[in-house]
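Positions are given from 1, in the same order as the sequence printed here.
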Amino acid sequence: MKKVPVLSCIFLAFAAFSIITACVVNGDKNEITAPTIRKLSDKNVSISFNSLSGMSYANIFRQRCDDDDKFESIKETVNIGQVIPSDAGNLTNSFNFIDEFVESGVYYRYFVRYYKDNYYSYTGYSPAITLTAGVGEANLTAKNDDDTSSDKAASTYHNNKVEDSYTLELTKSITVPVSADDTKFTDLYYVISNGTNVKPYRFAEADETTGIVDSGRKTNDLRIFLLDSFLGKAIYVEGIIAVKKTQNETTPDKTNPYYTSYYWTKPIGIEITLNETYRDASGKNQTNQGSAIKNEIVVPKIDDRTNNFDYNPSTKLIAPTRNLLTADDGALLDISPL
């Protein structure tokens with residue numbers, strides 16, 4: 001079966017968007033209203049929207065049209081970020097999300113997706129807006145060995161069956177975008193699909209001064225790094241994103257955030273090569289290095305090598321509970337497309 005990268009869906013506009021345009025235009029936490037927008041400057045946009053009773057979080061979607069403000073031809077639809085309330089039982093009346101990564105001279109509009117009780121609810125569209133001094137959309141930049149820019153990141157999958165070690169190593173350095181405010185893009189995540197679900201997995205942190213993640217950064221053993229549903233089968237490393245976080249405070253000493261905003265870059269595509277170590281039929285170690293495998297890898301499950309008579313815990317390969325690895329503060333990041 002031909003595989004279609006899941007993240008490519010982020011950049012498509014669907015006919016199903018027509019169902020989103022129905023919305024309630026005045027109301028409280030039980031009603032869904034379209035977001036309002038305003039220019040903070042010629043560089044960035046403020047997107048404000050109401051809270052929804054019982055919501056867990058909300059994603060901010062941005063549509064782009066290069067031609068006019070009627071959006072008859074939509075170039076792309078992107079999930080650009082998320083807000084998470086600190087207390088779902090005590091919600092603020094509204095949220096404010098800042099989009100500071102836009103192109104000049106094109107048209108944007110926004111809508112919001114709420115997550116509540118395992119279901120999504122959508123708002124209508126905001127009005128269109130265009131800016132004159134945008135810094136560009138949030139893209140990662142990969143660097144080749146000669147320091148030239150590359151349109152794709154690169155990693156090596158170390159599949160070491162002899163030492164029981166399975167890791168991804170970054171083989172091109174990556175630079176994160178420069179933010180106009182005091183917040184920074186910090187954590188880098190591999191975006192991995194098992195064909196059904198797409199999950200981000202944190203693996204590195206950008207340098208605070210340069211914004212660079214150097215090549216050579218490795219993950220922990222992927223058998224612990226990934227969820228059970230991603231092990232023992234072909235999975236796909238769709239790309240890499242970076243995330244920045246802003247806390248929205250209610251007290252002067254900034255100790256009581258009532259919601260947190262997350263903004264992520266567009267995913268950068270990735271090329272993966274294989275470094276494989278194994279034992280042949282005669283028991284000799286063999287290596288297979290540098291094979292191009294596109295973005296598909298297979299990470300084996302962890303074997304339980306104990307038996308019913310072995311009660312010594314030290315003989316067991318213990319993995320921590322495989323919760324979804326998320327932001328540095330434990331927040332679940334939902335990067336799924338519409």
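- Residue pairs meeting the salt bridge (Lys or Arg N to Asp or Glu O under 4.0 Å) criterion with at least one member in residues 52-65, sequence neighbours excluded, are R62-D99, R62-E137, R64-D66, R64-E137.
- For Y259 (side chain) and N96 (main-chain N/O), a donor-acceptor pair under 3.5 Å exists by modelled atom type.
- In this structure, the ring-ring contact (aromatic ring centres under 6.0 Å, His included) partners of Y263, at least two apart in sequence or on a different chain, are F97, F101.
- For the pairing with P35, the side chain to side chain contact (heavy atoms under 4.5 Å, CB included) check across N50, T123, I60 returns one residue only, T123.
- Between F61 and F111, the ring planes are parallel. Angles under 30° get that label, and only those over 60° would be called perpendicular.
- Side-chain contact between L226 and V299: present, with at least one pair of heavy atoms (C-beta onward) separated by less than 4.5 Å.
- Scored by the side-chain hydrogen bond (donor to acceptor under 3.5 Å, both in side chains) test, T171 finds no partners at all (sequence neighbours excluded).
- In this structure the side chain of T287 never reaches within 4.5 angstrom of the side chain of N275, judged on heavy atoms.
- Put simply, the side chain of Q82 reaches to within 4.5 Å of the side chain of D334, judged on heavy atoms.
- The ring-ring contact (aromatic ring centres under 6.0 Å, His included) search around Y108 returns none, not counting sequence neighbours.
- Two residues are said to be in side-chain contact when any heavy atoms from C-beta on lie closer than 4.5 Å; S291 and T273 fail this criterion.
- Ring centroid separation for the pair Y190 and F203 comes in under the 6.0 Å cut-off.
- Side-chain contact between L52 and I32 is present, with heavy atoms from C-beta onward closer than 4.5 Å.
- Taking both residues in full, the closest heavy atoms of K218 and T167 are given as CD-OG1, 4.2 Å, listed atom of the first, atom of the second, then distance.
- More than 12 heavy atoms of other residues, nucleotides or ligands shown are found within 6.0 angstrom of CG on D87.
- Checked options Q289, K161, H158; the residue passing with E276 is K161 (criterion: side chain to side chain donor-acceptor pair (under 3.5 Å)).
- The neighbour count for N220 CG, taken as heavy atoms of other residues, nucleotides or ligands under 6.0 Å away, does not exceed 12.
- Minimum interatomic distance between G54 and L91 (heavy atoms only, all atoms of both residues): N-CD1, 4.3 Å.
- Shown here are the ring-ring contact (aromatic ring centres under 6.0 Å, His included) partners of Y278, two or more places apart in sequence or in another chain: there are none.
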I192 vs Y201, side-chain contact (heavy atoms from CB on, under 4.5 Å): CA-CA, chis, key distance, verdict
CA-CA 8 Å; I192 302 178; Y201 296 97; 3.8 Å; yes
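- Side-chain atoms of D280 come within 3.5 Å of backbone atoms of K284 as a donor-acceptor pair (strictly under, hydrogens ignored).
- Taking both residues in full, the closest heavy atoms of V298 and A234 are given as CG2-CA, 3.8 Å, listed atom of the first, atom of the second, then distance.
- Side-chain contact between P177 and L140 is present, with at least one heavy-atom pair separated by less than 4.5 Å.
- At least one cation-pi condition fails for R223 and Y166: the charged atom is not both under 6.0 angstrom from the six-membered ring centre and inside a 45 degree cone around its axis.
- Checked for salt-bridge contact, K184 and E205 miss the test: no charged N lies under 4.0 Å from a carboxylate O.
- For F49, the ring-ring contact (aromatic ring centres under 6.0 Å, His included) criterion is met by F95, not counting sequence neighbours.
- Salt bridge K233/E296: absent, no basic N to carboxylate O contact under 4.0 Å.
- You'll find the ring centres of Y115 and Y120 inside the 6.0 Å limit.
- A donor-acceptor pair under 3.5 Å is absent between the side-chain atoms of S215 and the main chain of K172, judged by distance alone.
- By the 4.5 Å heavy-atom criterion applied to side chains, I240 and L170 are counted as neighbours.
- Judged purely by atom type and a 3.5 angstrom limit, T260 has no side-chain atom pairing as donor or acceptor with the backbone of I84.
- Panel note: side chain W264, backbone N79; a donor-acceptor pair is recorded below 3.5 Å.
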